[in-house]
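Take a look at the structure set out below.
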Amino acid sequence: MEKWMLIDGNSIANRAFYAMPPLTNSAGLHTNAVYGFTTMLLRLIEEEKPTHILVAFDAGKITFRHEGYEDYKGGRAKTPPELSEQFPVLKDLLQAFGIAQFELSGYEADDIIGTLTRMADESGRETLVVTGDKDMLQLASEHVTVAITRKGISEVDRFTPEAIGEKYGLTPAQIVDLKGLMGDASDNIPGIPGVGEKTALKMLHEFGSVEEVLANTDKLKGKMKEKVETHKEDAVMSKKLATIFREVPLESGEDEMAYKGYDKSILSGAFRKLEFKSLLERLDLTGEAGGESEDGGAAAQSAELDIVLLTEGDMSQLKDEELASIESIYVEAAGENPHHAEVLGIALAAEGKVYVVPYDVMVSEAAAKLKGWLADAEVNKRGYDLHKAALALSWKGITLSGATFDVLLAAYLLDPTDSGQSLNALALRYGLPAVPADEEVYGKGAKFKVPPLDQLALHLSRKADSVRRIARHQEQELEKNGMNRLYYELEQPLSDVLCGMEKQGITVNAGELEALGSELSTQIARLMEAIYAHAGDTFNINSPKQLGEVLFDKLGLPVMKKTKTGYSTDADVLEKLEPYHEIVRLILDYRQLAKLQSTYVEGLLKEIRKETGKVHTYYRQTIAATGRLSSQFPNLQNIPIRLEEGRKIRKAFVPSEPGWYILAADYSQIELRVLAHISGDEGLKEAFLTDMDIHTKTAMDVFGVPADAVDGNMRRQAKAVNFGIVYGISDFGLSQNLNITRKEAAAFIEQYFAAFKGVRKYMDDIVMKARQDGYVTTLLERRRYLPEIKASNFNLRSFAERTAMNTPIQGTAADIIKLAMVKMDQTLRERGLKSRMLLQVHDELVFEVPEDELELMKTLVPEVMESALELDVPLKADVNYGVNWYEAK
DNA sequence: CGTTAAACG
DNA sequence: GTGGACGTTTAACGT
């Protein structure tokens, strides 16, 4: 049997655009709408198995509706260029799929679809209409089902006439009456002002149609009667505008719309161009050749590379002149964790010539000269991810110094949120030859295999050459963006400092952790037993799904919040449920202890190096959008501290030498001090200049009371307001945090802004600046782009606005502690101190210190931290020490 | 491999 | 009236 699927192309592309995060391929082409459209299309084809498919588009020009009403669609915001550039791409892709598309000048997509559904009704063929536009519900009939996208585009609601009756109490034909009364802001259909969905439905249930409502205005009362009578004509016209024209002269025949499936090779070519990797895999197209040879360019280019693969025997070929001509290097360190990475080899690129040294040769006697060159800090080196390279090499006994330019680090500064930071993505961005993906050369996961030497050499050569060419572009871009100091004086030197800290590692006392672990095991077992007793059965407490069934289905506790897959059982919800049932407290305790056991006892034990008893984290300098560091393998930036049970984990972090101490120094209120500086707010500045307790000060101003009238609860609320301010405040967020109503939260915020007028001005100004420039910056000119600040989607736009407020604050704080780290490293060196900097936790630095340096370090560390950058308010760092990290409080 | 929850600043 | 706090990583579950 035939089954037709008619898709409203413009509507779905629009929905997809606003539902998907911004996505670009490495050529900078936006692809999110196309991607969203495609995933939806694939799902629908699979689910519906249509015999015919048509995608209808609006034909850009004026539609005949303008003849009646000048403003039709006039109120709609212009299509953003990021979306319009995707329409041609989408149309090409549909062609690759073998799917028919129509557009007809003078008509919109819904007119075309309306006409085809009329024909479907006449011939009785089953049809599914897919759109994001509720207007189209008017087309539903015995044979025609209308699918409306929900929650972005991830799901659709299917509407038959029965479903429409259930939901609205209307027939499909009455949908136009509904629009006639309530209007539609997005289509600039006026309707009757003040009449929304609720009122319109009420009137239609009573009278049946716009005409009948207008004929019976005497039965309405008060304001509503007045409004309806004065806007009679609007209602009639609105209804006309909302009515889909179903007599479009269509010439194309049914054959064109028949869907016969796609050609694998054509589609894989199209997906490759768009870099839809996940879709290639999903459709199992990875093995397909692709419509056009996109490898051709790279192959042609690499043919021009003169590759010299060096063996032990001919390492002597590497003369001083050759080394002096090297412009870039590429070190292949395989594996995610550089502390355990395999080094496959190194490529050294000069203009037009690349030397490749496989790992075996690198570690041989014959490579002494090369190793000397790599270790020479006076020799400037450009590379890709030299931080990882240097760390991986250091474990192999090879020193890499003299890094002066790293294209990964530069790419991060140029756009910290860009996801495409592979060498290939960077190469394509600057119009350079493509670099094949590592996955293609080595395979992935268990299938990882080092290819024959000549293939390896080619791959490393391409990379090294690519680095050389990318660097030239980036050097100019950094200069243009005013980021030279940020790059050359902060981030690049910091990279070395981080390597040192990572290689040094921190000692973790395994015995201490194991003792803690067995205590936890006992308590967890006890809790499990008690939980099962209350539940009347055993189940997996770690499964939110099973837990939800027990709490809400079996025990009948009230549902407070839902996730997209079921009941929410997070701590927030459980805390509200605590009064209802004893089991809830037990689950909260279980969760807490289970986290400690799995992540911090077992997880940390696995990371301890047997030989040294140390853990070596890997700080990543190119991940966080704000400029912060992140920490991995293990993450040492989230070791428990807030609750005593967890805080005990810190007892296991000890100095690596007997008699030494752990010393920790943290910035006090660095983010609010930064805010005081960049907003210039006089009250906030004054508070820090006189070293007041900032939360008490905030409470005084927000509640309008003197210092001695501020109680604990007021200070707690003020503290939450301060957090909110830093995060880019919203009344909803604050209300959630404080468990108060939105109104109350809004009142707090208003009070805050009335007291700190400079802060309000900063918040307004920075959002405006972001809209103008498209990005925000920190004090050191770190940049973050916020394209969504102009989105018409409320969610996306609001998020961007909060980010605009938060990033300069969080980012400047990150700048400051990074400055302190570089200075601290330098100071320790210059003074010949034995103390070592081990960890950074966003606003805290952790050291291990010999007894005889303790007194000095107690003053030196805060001094360096406080003088890292001069602001209009003082920076303050508190210092503590002890025999382990727990005691350094 | 995506979702949920929990740990940190 | 919408639907949300900012930035991360790890572990476990279940499709």
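Every chain is numbered from 1 and lettered A, B, ... according to where its sequence line falls, protein lines coming before strand lines.
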Taking the six-membered ring for Trp, are A:Y667 and A:H842 closer than 6.0 Å centroid to centroid? no
Would you kindly give the CD-to-P distance between A:E602 and C:dT10, to the nearest whole Å? 16 Å
Show the numbers, then the answer: is there a ring pair (Phe, Tyr, Trp, His ring centres under 6.0 Å) between A:F756 and A:Y752? CA-CA 6 Å; A:F756 299 95; A:Y752 181 95; 4.6 Å; yes
Looking at A:T563, I'd like to know whether one of its side-chain N or O atoms comes within less than 4.0 Å of OP1 or OP2 on B:dT4. yes
Indicate whether OP1 or OP2 belonging to B:dG9 is found under 4.0 Å from a side-chain N or O atom of A:Q810. no
Spacing between A:K648 atom NZ and B:dA7 atom P, to the nearest angstrom: 15 Å
Any idea how A:F271 and A:F276 line up, ring-wise: parallel (<30°), tilted (30 to 60°), or perpendicular (>60°)? tilted
Would you mind reading off the distance between A:L839 atom CG and B:dG9 atom P, rounded to a whole angstrom? 13 Å
Face-to-face contact A:Y727 to C:dA5 six-ring, under 5.5 Å, under 30°: no
Taking only N and O in the side chain of A:S630, is any of them less than 4.0 Å away from OP1 or OP2 of C:dT9? yes
Pair A:K769 + A:D765, salt bridge at N-O below 4.0 Å: no
So A:Y618 and A:H339, would you call those rings parallel, tilted or perpendicular, with 30° and 60° as cut-offs? perpendicular
Need one value for A:I809: base, sugar-phosphate or nothing, where a base atom within 4.0 Å counts as base even if backbone is also close, heavy atoms only. nothing
Once hydrogens and angles are ignored, does a donor-acceptor distance under 3.5 Å link the base of B:dC8 to the side chain of A:Q637? no
Can you tell me if the side-chain N/O atoms of A:R620 get under 4.0 Å from OP1 or OP2 in C:dT9? no
Side-chain atoms of A:K595 come closest, of C:dC13, C:dT10, C:dA5, to C:dT10
Tell me whether the OP1 or OP2 atom of B:dT4 has a side-chain N or O from A:T569 closer than 4.0 Å. no
Any donor-acceptor pair under 3.5 Å between the side chain of A:K545 and the base of B:dT4? no
Within the distance-only criterion (no hydrogens, no angle test), does the side chain of A:R585 pair as donor or acceptor with the backbone N or O of A:E578 below 3.5 angstrom? no
Is the backbone of A:L779 close enough, under 3.5 Å, to the side chain of A:T812 for a donor and an acceptor to pair up by distance? yes
Side-chain donor/acceptor contact of A:R742 with base of C:dG4 under 3.5 Å: yes
Could you check how far OH of A:Y590 sits from C1' of B:dT4, rounded to whole Å? 15 Å
Any donor-acceptor pair under 3.5 Å between the side chain of A:R642 and the base of B:dG9? yes
For B:dA6, does either OP1 or OP2 sit under 4.0 Å from a side-chain N or O belonging to A:R591? yes
As a test of reading the structure: which of C:dT9, B:dG9, C:dC13 is closest to the side chain of A:S543, going by heavy atoms? C:dC13
Please determine whether a side-chain nitrogen or oxygen atom of A:S568 lies at a distance below 4.0 Å from atom OP1 or OP2 of B:dT4. no
Any donor and acceptor pair, going by atom type alone, linking the side chain of A:Q840 with main-chain N or O of A:L629 inside 3.5 Å? no
Sorted by number, the residues of residues 664-676 of chain A with heavy-atom contact under 4.0 Å to DNA chain B: none
Please confirm whether any donor atom in the side chain of A:N638 sits under 3.5 Å from an acceptor in the base of B:dA7, or the reverse. yes
Rounded to whole Å, CG of A:D572 lies from C1' of C:dA5 at a distance of 12 Å
Check the phosphate of C:dT2 against A:N795, side-chain N and O only, distance under 4.0 Å to OP1 or OP2. Yes or no? no
